[in-house]
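Comments concern the structure below.
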Amino acid sequence: MNDETNKEILKELRNLNEKIDHLIAAKGLSAPLKLLAVFIGFAVIGPIVVVILSALLNLF
């Protein structure tokens with residue numbers, strides 16, 4: 001292959017890599033994962049905070 005063909009191939013590969021990077025960066029948490037995070041927050045972290053606060057209030 002000549003240099004011009006190699007440059008065209010590299011240019012197309014760079015364009016494809018940029019598109020793939022853009023697609024990967026745009027994704028966030030899906031709706032089920034958000035619901036799971038809220039559930040864990042209320043079911044696990046909430047009671048832990050309540051226990052800590054009640055223990056602190058019993059000291060005073």
[atom2] on [Y] to [atom1] on [X], rounded to 0.5 Å:
| X | Y | atom1 | atom2 | answer |
| --- | --- | --- | --- | --- |
| Leu57 | Ile52 | CG | CD1 | 12.0 Å |
| Ile48 | Leu53 | CD1 | CG | 12.0 Å |
| Leu10 | Asn17 | CG | CG | 10.5 Å |
| Leu35 | Ile40 | CG | CD1 | 11.5 Å |
| Asn2 | Glu8 | CG | CD | 10.0 Å |

Going only through I, L, V, M, F, W and Y residues with side-chain contacts under 4.5 Å, is there a path from Val44 to Leu36?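 In one cluster: yes.
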